[in-house]
Amino acid sequence: MRDCHRELSLWMEALGEQIRIDAAGNFRAVYPALELDAPRLLIGSHLDTVPNAGAYDGVLGAVLAVALLEELHGRRLPFAVEVVGFSEEEGIRFGTPFIGSRALVGRLDQGLLDLRDARGVSVRKAIEDFGLNPEKIPEAELERDTLGYLEFHIEQGPVLERLNLPLSAVEAIAGQSRLEFTFLGRANHAGTTPMHLRNDAIAGAAEWIGFVEHLAQSVPGLVATVGTIEAKPGATNVIAGETKLTLDVRHGSEEIRVRAVEDLIRQASEIAKRRGLSVRERTLLSQPAVAMNQFFVDEIEKAIVKTGCPAHRMVSGAGHDAMILAEKVPSAMIFLRTPGGISHDPAESVAREDVEKAIDCGLHLLDQLAASPEFYKRTNRA
Ligand code: GLV
Ligand code: MN
Ligand code: MN
């Protein structure tokens, strides 16, 4: 992350001012406006990533923000542009995502600061260890003059490739739930314990995982994933006494997502009961679906058309910082086609021509916004 900040700082030093790392570890740098007290537009994405990741999820959006400003060749706009590189979006280390962007909307609270990673290090301690002061998190909040937030991001799915489209506006971001489940049984000898006298925490968890997949396959649009599993004591010749798993559930409809999570919790306790196990669950995230700002979505579509591509809008299945920023300021996203629809994997890629189109689209969009009286009405100043 330090290397990443250093690199972005070098690029932004040539363009901007007020380069800082806020107390939540977000990179922030301002490209000044024509006039001193002009409002600002935020453009960015996240700098963190998943284990064994690709190179573009998140980082591309931060780099694109800088590239867009470079393409202005010193031309000032009636509004400032603040480049943001969020510190923590994926939720890998502490189980809960959007830690960086929550600081901007005033939601990086004590509960989040107390979350601990696998080694017992809290968010608060991690911030201190990075050389930052958690007491100053309120200073990371959005300025009152913020006009909105724009995020370029790879689609991370196959839709645009299938449609042969390089770009799309994002009209909404699907809601997501993240939970941790722990099945507790009885650790015992794998050689001496007959099958009918076992309370095997892995076998119970495995039955439930099968149900998770089955449920998601039977509800249109629902996706549910058990992405991690950890068994204790963890030996070939020992029946597992404890199994911890994570669950990720998403759907565009709030009602369907919430009902699916309830079903899965109920099924986990029925399986546990039948097998003489116990199960407990902990909710790490319940993030409702979020609509993007209609004015921005329309303007993005117009800008896409100006690049010579057809207008298109879609729902994002992945979560994004834009869904957090949308709580406070008009927010929207521009997706870039993802070759093979592969993401969260080293094979993730993006086509150079699509990045060029995205920059072109971004330049049109900045000019459209600069000329739009409606844009200036939509500030966070109220
Ligand atoms: C972020 O990548 C997510 O999990 O949606
Ligand atoms: Mn991601
Ligand atoms: Mn991302």
Side-chain angles (χ1 to χ4, degrees), residues 1 4 8 25-27 42-65 83-102 104 149-160 168 170 172-180 212 216 221-228 245-252 257 260-261 283-290 292 314-326 331-350 354-355 358:
M1 189 56 84
C4 209
L8 281 171
N26 302 309
F27 176 87
L42 264 59
I43 309 183
S45 192
H46 61 100
L47 301 175
D48 66 314
T49 191
V50 296
N52 199 35
Y56 300 95
D57 172 7
V59 175
L60 178 71
V63 172
L64 254 165
V83 173
V84 197
F86 292 110
S87 57
E88 204 291 338
E89 186 266 0
E90 300 280 5
I92 305 302
R93 181 169 174 188
F94 299 98
T96 298
F98 313 123
I99 291 176
S101 47
R102 282 189 225 232
L104 272 69
Y149 172 68
L150 290 176
E151 179 167 356
F152 290 87
H153 203 285
I154 52 170
E155 178 208 335
Q156 307 182 272
V159 174
L160 293 179
S168 176
V170 176
I173 304 178
Q176 53 172 293
S177 296
R178 297 194 196 187
L179 294 93
E180 180 186 80
V212 171
L222 183 69
V223 286
T225 308
V226 176
T228 74
L245 318 96
T246 56
L247 174 70
D248 179 308
V249 180
R250 306 188 192 201
H251 197 280
R257 175 177 59 87
V261 170
T283 300
L284 303 170
L285 176 77
S286 180
Q287 168 67 49
V290 173
M292 298 285 90
M314 63 184 292
V315 173
S316 171
H320 296 286
D321 294 302
M323 70 201 304
I324 303 300
L325 273 288
S331 300
M333 297 185 71
I334 299 117
F335 270 177
L336 285 79
R337 158 169 60 192
T338 305
I342 302 288
S343 185
H344 281 180
D345 183 88
E348 180 181 277
S349 66
V350 73
D354 293 357
V355 176

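Quantities reported herein were computed from a predicted structural model and do not represent experimental measurements. Only heavy atoms go into these numbers, but all of them, side chains included; no hydrogens, no water, no symmetry mates. All residue numbers refer to positions in the sequence shown, counting from 1. Whatever order the structure lists ligands and atoms in, that order sets their numbers, starting from 1.
Near ligand 1, heavy-atom contacts under 4.0 Å come from E89, E90, Q176, R178, R250, A318, G319, H344.
Considering Q287, R257, H251, R250 in turn, R257 is the only one that fulfils the side chain to side chain donor-acceptor pair (under 3.5 Å) rule with S177.
Counting only protein N, O or S atoms, the number found under 2.8 Å from the Mn ion (ligand 3) is 3.
Residues L104 and D321 are not in side-chain contact: their nearest non-hydrogen atoms beyond the backbone lie 4.5 Å or more apart. Inter-residue side-chain proximity for H153 and F335 is flagged as met; some heavy-atom pair is nearer than 4.5 Å.
Within the 3.5 Å criterion, the main-chain N or O of L284 finds a donor-acceptor partner in the side chain of T96. With hydrogens and angles ignored, the 3.5 Å screen pairs no side-chain donor or acceptor of T338 with any backbone N or O of I154.
A donor-acceptor pair shorter than 3.5 Å can be found between the side chains of H46 and D57.
By the side-chain hydrogen bond (donor to acceptor under 3.5 Å, both in side chains) test, T49 is found to be paired with no residue, residues two or more places apart in sequence or in another chain being considered. Taking S331 as the reference, nothing meets the side-chain hydrogen bond (donor to acceptor under 3.5 Å, both in side chains) condition, with sequence neighbours excluded.
A centroid separation of 6.0 Å or more is found between the aromatic rings of H320 and Y149.
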